[in-house]
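All values below were derived from every heavy atom in this structure, side-chain atoms included, with hydrogens, water molecules and symmetry-related copies excluded. Computed from a predicted model, the values in this text were never measured in an experiment.
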Amino acid sequence: PRIIPSLELMDQSLMDGMSEMFVRSNQFLPVHKEGDQLTVVMADPANRELLSELHSQLQVRIAPAIAPASEIRQTIEFFYNKSTSVESKMDPQLSQVNLEGETSTPDSDDNSAAVANFLIKNALTDRASDIHIEPQEKYIRIRYRIDGVLHHKTDLPSKLGPSLIQRLKQISRLDIEQKSMQEGKIIGDIMGRKVELRISTYPSLWGENMVIQLNEKQSMHQELLLNLDRIGFSPLNLIRVQKILNQPGGLVMITGPANMGKTTTLYAAINYLNQQNRSIITAEDPIERPVPGTIQGTWSPDMGISYADMIRSMLKQDPDILVVGEIKDEETMQAVVEAALTGCKVLTTYPAFDATGALLRLMNIGLESYLIASSNVTVLSQRLVRRLCEHCKAPHTPKKEIFDMLGLVDVDPNTYEYNRPMGCPECQERGFKDQTSIHEILQINEAIREAVLERKPAAAIRGIARTEAKLVSMAEDGLYKSIEGSTSVEEVQRIAFVNEYDSQTPWEAEEIYSICSGLEAEYL
């Protein structure tokens with residue numbers, strides 16, 4: 001296992017009685033002890049002489065772990081020179097983790113609380129959205145999801161897993177004894193920032209798997225995103241979205257897989273529509289963030305009514321705009337479309353792969369095609385791609401095969417200059433920092449309505465959307481952002497959903513860039 005040699009992560013009492021000269025000369029640190037087994041992090045875990053010496057001195061079994069020698073030396077310096085260490089100079093508030101409702105006090109011999117705090121604080125420092133605590137056969141793997149991609153952070157001794165999971169269950173008020181799937185959440189004041197932790201567990205082969213989602217409240221970065229012009233829309237798509245939102249009535253569905261920014265886009269649309277002369281009422285599960293000036297309602301099974309019944313009740317409140325957090329089932333979908341047919345503007349989210357696929361999926365769950373065809377429906381499909389670090393991105397000419405895989409078969413790689421990630425201290429050597437979005441927007445017109453009523457196949461509907469509704473694909477929107485230098489073509493290829501039919505109606509790079517820039521009047 002690879003373990004970060006941090007003073008916060010290790011049980012510092014294990015250093016008691018150890019010779020400073022011996023520790024410095026052999027470059028090791030004891031991290032965790034369970035029974036007669038001591039986990040020791042070393043630069044060279046194959047150093048049998050040191051392993052034998054530690055076993056002889058401490059009379060315990062030694063479980064070696066690995067870390068870079070430079071990090072071990074730095075932590076040793078921190079330990080023996082605490083008065084001058086970086087950690088001791090930090091503002092005490094910046095190292096605190098205060099959780100609402102926390103009443104349990106960990107045992108003095110149990111460092112699971114310190115380990116949990118370390119993982120949470122470091123996740124915030126690394127801009128992680130999720131912490132994955134994954135039991136393996138011989139150790140606990142810790143991974144962070146940063147800008148949508150999982151990165152290995154550290155490993156932990158396997159025997160630390162149960163106490164760590166128990167600690168996290170305690171703070172989120174989950175049943176410690178129950179080993180089945182559970183969900184909980186808690187608000188924390190972490191390093192001076194208000195953070196909501198959503199915790200879910202799942203029983204696995206080697207123990208309970210846990211995922212912690214971190215949602216920072218009142219983040220200036222998140223507040224800036226709640227504006228349509230900061231979501232990442234191309235000039236073309238921004239004009240299209242504003243036109244669609246300004247239309248009276250209709251159904252706007254924001255689609256895409258989980259954790260692809262659908263909720264952020266939904267709230268940006270609410271902010272755009274939020275005016276004194278409009279009544280906006282929502283049905284959410286849960287309410288992600290308060291929006292002053294709107295009426296926000298939260299649904300739960302304890303209410304005694306279905307989600308669909310709550311949506312129908314909203315219509316009696318004389319709203320101009322209804323917002324439904326997510327379409328959960330056929331009954332909810334039916335209620336949403338019925339609301340749109342009354343002339344109300346309805347915004348909602350729905351998981352689907354692409355814009356045309358969303359229409360077919362609605363029919364597959366039982367929604368009558370005439371309901372789709374008779375309502376003014378717009379589907380906005382989106383994905384999140386990592387944004388290139390402005391400090392280290394470098395010019396790059398992608399391979400033609402990358403464009404072909406995106407369905408951009410007529411694009412010449414040499415027409416424009418592209419960029420690739422390099423890595424620098426500013427982006428923690430990842431080459432990317434933050435995320436932006438790529439989109440495709442489909443507004444149903446008469447040609448598509450007829451195709452839906454006739455239950456034509458997906459490829460046919462896609463073709464009509466391309467030729468009649470001027471659909472710009474997600475890959476083409478990604479190409480525009482690559483030319484602009486926001487992301488790389490390879491990153492777009494990693495994340496964009498590609499429809500095979502798009503390669504049958506290809507455009508050249510200049511045409512794609514001109515259309516996405518909003519310079520072609522017929523596409524506006």
Discussion item. Given 3.5 Å as the limit, does a donor-acceptor pair link the side chain of Thr154 with the main chain of Ile4, or not?
Written reply: yes
Discussion item. I'd like to know if the side chain of Gln296 and the backbone of Val291 have a donor-acceptor N/O pair within less than 3.5 Å.
Written reply: yes
Worksheet entry | Glu183, CD: over 12 other non-hydrogen atoms inside 6.0 angstrom | no
Practice prompt. Over all heavy atoms of both residues, which pair between Glu331 and Ala308 is shortest? Give the atoms and the distance, please.
Written response: CG-CB, 3.4 Å
Discussion item. Could you measure the distance from the CG atom of Leu442 to the CE atom of Met253? Nearest 0.5 Å is fine.
Written reply: 9.5 Å
Worksheet item: Under the criterion side-chain hydrogen bond (donor to acceptor under 3.5 Å, both in side chains), which of Lys470, Arg240, Lys243, Gln247 is the partner of Gln443?
Response: Gln247
Practice prompt. Check side chain to side chain donor-acceptor pair (under 3.5 Å) between Glu288 and all other residues, then give those that pass, not counting sequence neighbours.
Written response: Arg198
Worksheet item: Can you tell me how far CD1 of Ile165 sits from CE of Met210, rounded to the nearest 0.5 angstrom?
Response: 4.0 Å
Worksheet item: Looking at Lys194 and Glu216, does any basic side-chain N land under 4.0 Å from a carboxylate oxygen?
Response: no
Practice prompt. Would you indicate whether the side-chain heavy atoms of Leu124 and Ile190 approach each other to under 4.5 Å?
Written response: yes
Item to complete: Determine yes or no for a side-chain-to-main-chain donor-acceptor pair under 3.5 angstrom, with Ser514 supplying the side chain and Glu511 the backbone.
Response: no
Discussion item. I'd like to check Ile140 versus Asp155 (side-chain heavy atoms, cut-off strictly below 4.5 Å). Are they in contact?
Written reply: no
Practice prompt. Report the distance from atom OG1 of Thr378 to atom CG of Leu251, rounding to the nearest 0.5 Å.
Written response: 8.0 Å
Discussion item. I'd like to know if the side chain of Asn246 and the backbone of Gln242 have a donor-acceptor N/O pair within less than 3.5 Å.
Written reply: yes
Worksheet item: Is the closest side-chain heavy-atom distance between Leu226 and Thr264 below 4.5 Å?
Response: yes
Worksheet item: Does any N or O in the side chain of Asn499 come within less than 3.5 Å of the main-chain N or O of Tyr501, such that one atom is a donor and the other an acceptor?
Response: yes
Worksheet item: How would you list, by chain and number, every residue that makes a ring-ring contact (aromatic ring centres under 6.0 Å, His included) with Phe403, sequence neighbours excluded?
Response: Tyr418
Worksheet entry | Main-chain N/O of Thr332 paired with Asp329 side-chain donor or acceptor, under 3.5 Å | yes
Worksheet item: Would you find more than 12 non-hydrogen atoms of other residues, nucleotides or ligands less than 6.0 Å from Ile287 atom CD1?
Response: yes
Worksheet, complete the sentence: CG (Leu266) and OG1 (Thr348) are apart, to the nearest 0.5 Å, by 7.5 Å
Fill in: Shortest non-hydrogen contact between Arg386 and Asp147, atoms and distance
CG-O, 3.2 Å
Item to complete: To the nearest 0.5 angstrom, please state how far the CG atom of Leu408 sits from the CH2 atom of Trp507.
Response: 10.5 Å
Practice prompt. Give a yes or no on whether a salt bridge exists between Lys153 and Asp126, defined as a side-chain N under 4.0 angstrom from a carboxylate O.
Written response: yes
Which donor-acceptor pairs under 3.5 Å do the side chains of residues 391-399 make with protein atoms, sequence neighbours left out?
residue: Lys393; atom: NZ; partner: Glu390; partner atom: OE1; Å: 3.3
residue: Lys393; atom: NZ; partner: Glu390; partner atom: OE2; Å: 3.4
residue: Lys393; atom: NZ; partner: Gly485; partner atom: O; Å: 2.9
residue: His396; atom: NE2; partner: Glu490; partner atom: OE2; Å: 2.9

Fill in: Residues which pass salt bridge (Lys or Arg N to Asp or Glu O under 4.0 Å) with Lys345, listed by chain and number, not counting sequence neighbours
none
Worksheet item: For Tyr480, which residues count as a ring-ring contact (aromatic ring centres under 6.0 Å, His included) partner, sequence neighbours excluded?
Response: Tyr513
Worksheet item: What is the distance from atom CG of Asn271 to atom CG of Asn227, rounded to the nearest 0.5 Å?
Response: 6.5 Å
Discussion item. Between Gln382 (side chain only) and Gly261 (backbone N and O only), is there a donor and an acceptor less than 3.5 Å apart?
Written reply: yes
Worksheet entry | Considering all heavy atoms, the nearest Gly232-Thr436 contact | CA-OG1, 3.7 Å
Worksheet entry | side chain to side chain contact (heavy atoms under 4.5 Å, CB included) evaluation trace for His439 with Met474 | CA-CA 5 Å; His439 309 87; Met474 193 174 291; over 6 Å; no
Practice prompt. Would you tell me whether Ser306 and Asp309 have side-chain atoms, one donor and one acceptor, within less than 3.5 Å of each other?
Written response: yes
Worksheet, complete the sentence: For Tyr267, the side chain to side chain donor-acceptor pair (under 3.5 Å) test, sequence neighbours excluded, returns Glu284
Worksheet item: Heavy-atom count around Lys400 NZ within 6.0 Å, excluding the residue itself: above 12?
Response: yes
Fill in: Nearest heavy atoms of Gln213 and Asn259, plus distance in Å
NE2-OD1, 4.1 Å
Item to complete: Evaluate whether atom CD of Gln276 has more than 12 neighbouring non-hydrogen atoms of other residues, nucleotides or ligands under 6.0 angstrom away.
Response: no
Worksheet item: Run the side chain to side chain contact (heavy atoms under 4.5 Å, CB included) check on Thr349 and Thr255 step by step: do they pass?
Response: CA-CA 6 Å; Thr349 68; Thr255 71; over 6 Å; no
Worksheet entry | Short side-chain donor-acceptor distance under 3.5 Å, Ser158 and Gln136 | no
Worksheet item: Looking at Asn209, Val211, Leu164, which hits side chain to side chain contact (heavy atoms under 4.5 Å, CB included) with Ile133?
Response: Leu164
Worksheet item: At their closest point, which heavy atom of Ile280 faces which heavy atom of Ile270, and how far apart are they?
Response: CD1-O, 4.1 Å
Worksheet item: Do the side chain of Thr201 and the main chain of Gln182 share a donor and acceptor less than 3.5 angstrom apart?
Response: yes
Item to complete: Could you verify whether a donor N or O on one side chain and an acceptor N or O on the other, from Arg2 and His152, lie under 3.5 Å apart?
Response: yes
Worksheet entry | Sub-6.0 Å ring centroid separation between His132 and Tyr144 | no
Worksheet item: Closest heavy-atom contact between Ala269 and Leu245?
Response: CB-CD1, 4.0 Å
Discussion item. Does this structure show an ion pair linking Arg466 with Glu440, if we count only N-O contacts that are shorter than 4.0 Å?
Written reply: no
Worksheet item: Hey, does Glu326 have a side-chain heavy atom less than 4.5 Å from the side chain of Pro351?
Response: yes
Discussion item. A side-chain contact here means heavy atoms from C-beta on lying under 4.5 Å apart; do Val115 and Leu156 qualify?
Written reply: yes
Fill in: Min side-chain heavy-atom separation Thr415-Glu510 under 4.5 Å
yes
Worksheet item: Is there a donor-acceptor pair closer than 3.5 Å between any side-chain N or O of Asn274 and the backbone N or O of Pro292?
Response: yes
Fill in: Any side-chain donor near an acceptor of the partner, Ser473 and Glu476, under 3.5 Å
yes
Worksheet item: Judged by atom type as modelled, is there a donor-acceptor pair below 3.5 Å linking the side chain of Ser486 to the main-chain atoms of Ser482?
Response: no
Discussion item. A side-chain contact here means heavy atoms from C-beta on lying under 4.5 Å apart; do Leu347 and Leu322 qualify?
Written reply: no
Practice prompt. Report yes if some heavy atom in the side chain of Cys389 is under 4.5 Å from a heavy atom in the side chain of Arg430; otherwise report no.
Written response: no
Worksheet entry | Worked check of side chain to side chain contact (heavy atoms under 4.5 Å, CB included) between Met405 and Val498 | CA-CA 8 Å; Met405 285 189 284; Val498 179; over 6 Å; no
Discussion item. Under 4.0 Å between a side-chain nitrogen and a carboxylate oxygen: does that hold for Lys481 and Glu484?
Written reply: no
